[in-house]
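Sharing a structure here in structure tokens format.
Every chain is numbered from 1 and lettered A, B, ... according to where its sequence line falls, protein lines coming before strand lines. Just so you know, these numbers use all the heavy atoms, side chains as well, and skip hydrogens, waters and symmetry mates.
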There are 2 protein chains.
Amino acid sequence: MNIEPELCKVEDALGILIGKWKPIILLQLLKHGTQRFGELSRHLPGITQRMLTKQLRELEEEDIIRRVVYPQVPPKVEYSITEYGKSLEPILNAMHEWGTMHTLHKQEKLRNSADSQE
Amino acid sequence: MNIEPELCKVEDALGILIGKWKPIILLQLLKHGTQRFGELSRHLPGITQRMLTKQLRELEEEDIIRRVVYPQVPPKVEYSITEYGKSLEPILNAMHEWGTMHTLHKQEKLRNSADSQE
DNA sequence: CAGGATCCATGACGATACTG
DNA sequence: CAGTATCGTCATGGATCCTG
């Protein structure tokens, strides 16, 4: 890997994933396939419409997700992962596994420092 | 993987890596081993002392890097990756590879839209 | 239904000066 | 040498209200 700051591409991948809701949006679409705006919204407790729209647009801009508008009233818009977007899945899985381990690591650390206190 | 927002651990891993200089700091330490504050600073063009200190402290807090102070004048402080921190390397590699591919993908996309313009 | 438009709080990041 | 201390800026995220 080229770690020269100018040539390091880690930030590029990171940039796609950064955003409070992006990982969970991607996982939701990866696991449950095509979904409408409202469905996504219901599965992401706490997200506002503004944020959902914004993050979806950013992911679409990078060709990670596909947005299909059905010209009808009331409006219907479907979102899905692109083939290209699926290439992110291994990274998301790796991060989830690492995160799970890290949670345990922190708990253990806490217990140890509690023990040495008494 | 558990994608319930409350149980998804992707954010935890992401949280460690987020920070304008963290990936590059980690790669620098992974590839070149133990280094002093000044060395790191020289290899990260543009970083300010304040930011380097802050990001190093955050990584240390998560046990990703080790900070060793030599009590002497002038001061000498060495930083290195912990064994635990090394477990992040596969993720960094995966993100770098993905980022490299993504850069090409975007260039191609630009060329295509330029072609259809004329 | 799926958003767009506004306004606002927070915190990440940076420039600069100073110090044990 | 390896930081700390201040101050300022800007982007991210959020609350709320409006609309084709």
Side-chain angles (χ1 to χ4, degrees), chain A residues 5-6 8 10-26 28-29 32-62 64-80, chain B residues 5-6 8 10-26 28-29 32-62 64-80:
Chain A
E6 313 79 34
C8 171
V10 172
E11 308 270 4
D12 298 60
L14 215 47
I16 306 288
L17 270 2
I18 288 180
K20 182 153 181 194
W21 303 93
K22 283 189 193 155
I24 200 76
I25 289 175
L26 290 175
Q28 181 67 28
L29 288 174
H32 300 298
T34 301
Q35 282 170 75
R36 299 182 57 175
F37 186 88
E39 287 181 276
L40 279 173
S41 174
R42 274 190 296 283
H43 286 103
L44 306 177
I47 196 171
T48 61
Q49 289 185 324
R50 170 182 134 83
M51 285 314 294
L52 182 53
T53 302
K54 243 185 101 226
Q55 312 252 316
L56 286 169
R57 288 290 194 286
E58 291 177 20
L59 290 169
E60 187 196 0
E61 180 66 22
E62 303 287 353
I64 308 299
I65 65 174
R66 185 181 302 111
R67 178 171 181 265
V68 180
V69 181
Y70 296 84
Q72 60 186 44
V73 179
K76 172 177 170 183
V77 181
E78 283 184 346
Y79 293 92
S80 56
Chain B
E6 314 80 36
C8 171
V10 172
E11 309 269 4
D12 297 61
L14 216 47
I16 306 289
L17 270 3
I18 288 181
K20 182 155 180 192
W21 304 93
K22 282 188 194 156
I24 200 76
I25 289 174
L26 290 175
Q28 182 66 28
L29 289 174
H32 299 299
T34 302
Q35 283 170 74
R36 298 182 58 173
F37 187 87
E39 286 182 276
L40 279 174
S41 175
R42 274 190 296 283
H43 286 103
L44 306 177
I47 196 172
T48 60
Q49 289 185 323
R50 171 182 133 84
M51 284 314 294
L52 182 52
T53 302
K54 240 184 105 229
Q55 311 252 318
L56 286 170
R57 289 290 196 285
E58 290 176 22
L59 290 169
E60 188 195 0
E61 181 66 23
E62 302 288 352
I64 308 299
I65 65 175
R66 186 180 301 110
R67 177 171 181 266
V68 179
V69 182
Y70 295 84
Q72 61 185 43
V73 180
K76 172 177 169 183
V77 182
E78 282 184 348
Y79 293 91
S80 56

Count the heavy atoms of every other residue, nucleotide or ligand shown that sit under 6.0 Å from CD of Glu61(B), and state whether that count exceeds 12.
no

For dG3(C) and Lys54(A) - does any side-chain N or O of the residue sit under 4.0 Å from the phosphate oxygens OP1/OP2?
no

To the nearest 10°, let me know how far the axis at one end of the helix from dC1(C)-dG20(D) to dG20(C)-dC1(D) is tilted from the axis at the other, five pairs an end.
50°

Using a cut-off of less than 4.0 Å, is there contact between a side-chain N or O of Tyr79(A) and OP1 or OP2 of dC1(C)?
no

The answer to which of Ile18(A) and Pro75(A) contacts DNA chain D further toward the 5' end, by nearest nucleotide, is Ile18(A)

Can you tell me the distance, in whole Å, between the CD1 atom of Ile47(B) and the P atom of dC13(C)?
10 Å

Would you kindly give the CG-to-C1' distance between Leu40(A) and dA2(C), to the nearest whole Å?
12 Å

Which two nucleotides bound the region of DNA chain D that has atoms under 4.0 Å from heavy atoms of chain A, read 5' to 3'?
dG13(D) to dG20(D)

Tell me the interatomic distance from Gln49(B), atom CD, to dG20(C), atom P, rounded to whole angstroms.
16 Å

Partners passing salt bridge (charged side-chain N to carboxylate O under 4.0 Å, His left out) against Glu60(B) (at least two apart in sequence or in another chain):
none

Closest heavy-atom contact between Leu14(B) and Leu17(A)?
CD2-O, 3.6 Å

Taking only side-chain N and O atoms of Gln55(B), does any of them lie within less than 4.0 angstrom of OP1 or OP2 on dC13(C)?
yes

Think Arg50(B) has a side-chain N or O under 4.0 angstrom from the OP1 or OP2 of dC18(C)?
no

Separation of atom CD1 in Ile25(A) from atom C1' in dA2(C), rounded to whole Å:
14 Å

If you pin Met51(B) and Val77(A) to their nearest nucleotides in DNA chain C, which one's is more 5'?
Val77(A)

Do the side chain of Ser41(A) and the main chain of Phe37(A) share a donor and acceptor less than 3.5 angstrom apart?
no

Nearest-Å distance for atom pair CZ/C1', residues Phe37(A) and dG4(C):
11 Å

Does any N or O in the side chain of Gln35(B) come within less than 3.5 Å of the main-chain N or O of Gln28(B), such that one atom is a donor and the other an acceptor?
yes

To the nearest Å, how far apart are Lys20(A) NZ and dA12(C) C1'?
15 Å

Please report the closest heavy-atom contact between Ile16(B) and Leu59(B), naming both atoms and the distance.
O-CD2, 4.0 Å

Any side-chain to backbone donor/acceptor pair from Glu78(B) onto Val68(B)? Under 3.5 Å, distance only.
no

Side chains of Glu39(A) and His32(A), heavy atoms from C-beta outward: is any pair under 4.5 Å?
no

Side chain to side chain, Ile24(A) and Ile47(A), heavy atoms closer than 4.5 Å
no

